[in-house]
**Student:** 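Pasting a structure here, questions to come.
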Amino acid sequence: MNRTLTGLATAAISGILFGVGLSVARMTDPQKIWNFLDLAAIPSGGWDPSLIFVMVGGILVGLVGMRLDRILGLKQPLAAPAFIKTARTKVDTQLVAGAAIFGIGWGLSGFCPGPSIADLGLVPGDVWLFVVAMFVGSWVAGQVLEWTDRPTVASAPAQ
């Protein structure tokens, strides 16, 4: 199998595993998310902390996966031509603003991007609207960032 097919197969298997994991953990149910985000329910005992276990489990598995190249001494991934590592490692205004917008959307809808995709085939109704709005919002944000990162006349190199 060539690298492209291996990459596609790996992506498909990873996506299926992710979706099954979200469904098994019931993270595809917006009510479950709202029950986690409803901190006012803590005194009454109605708060559902189970999302923390899913998040911590995901972080632990992710940490191992991100260090697997070093543990196994891999020079390149099995299904891609190279490891992709971000050059951005600092918390900046753009990151904080994006996280805030993500959190507001998550809190209002109860959908996270991954679970919303997993819900497309399971939940009739509003999930389609959320997914379409998510893609439109992602596209608009990309356009705004591209526009704000464009070189200005004052900073353009002299000719």
**Student:** With a 4.5 Å limit on heavy-atom distance, are the side chains of Phe36 and Ile52 in contact?
**Tutor:** yes
**Student:** Does a side-chain heavy-atom distance below 4.5 Å link Ile117 with Met134?
**Tutor:** yes
**Student:** Hey, could you give me the NZ/OG distance between Lys32 and Ser50, rounded to the nearest 0.5 Å?
**Tutor:** 3.0 Å
**Student:** Would you say Val54 and Leu60 are hydrophobically clustered, going by side-chain heavy atoms of ILVMFWY under 4.5 Å?
**Tutor:** yes
**Student:** Looking at residues at least two apart in the chain, or sitting in another chain, which of them share a salt bridge (Lys or Arg N to Asp or Glu O under 4.0 Å) with Arg70?
**Tutor:** none
**Student:** Would you say the side chain of Trp106 lies within less than 4.5 Å of the side chain of Pro113, judging by non-hydrogen atoms?
**Tutor:** no
**Student:** Which one of Asp29, Ile33, Thr28 satisfies the side-chain contact (heavy atoms from CB on, under 4.5 Å) criterion with Pro115?
**Tutor:** Thr28
**Student:** Would a 4.5 Å heavy-atom cut-off, applied to side chains only, mark Gln94 and Leu145 as touching?
**Tutor:** yes
**Student:** In the structure I gave you, are the side-chain heavy atoms of Phe83 and Leu74 within less than 4.5 Å of one another anywhere?
**Tutor:** yes
**Student:** I'd like to check the salt bridge (Lys or Arg N to Asp or Glu O under 4.0 Å) partners of Asp38; sequence neighbours left out, ordered by chain and number.
**Tutor:** none
**Student:** So do the side chains of Gln31 and Asn35 get within less than 4.5 Å of each other, counting heavy atoms only?
**Tutor:** yes
**Student:** Step by step, would you call Ile16 with Val20 a side chain to side chain contact (heavy atoms under 4.5 Å, CB included)?
**Tutor:** CA-CA 6 Å; Ile16 290 168; Val20 169; 4.3 Å; yes
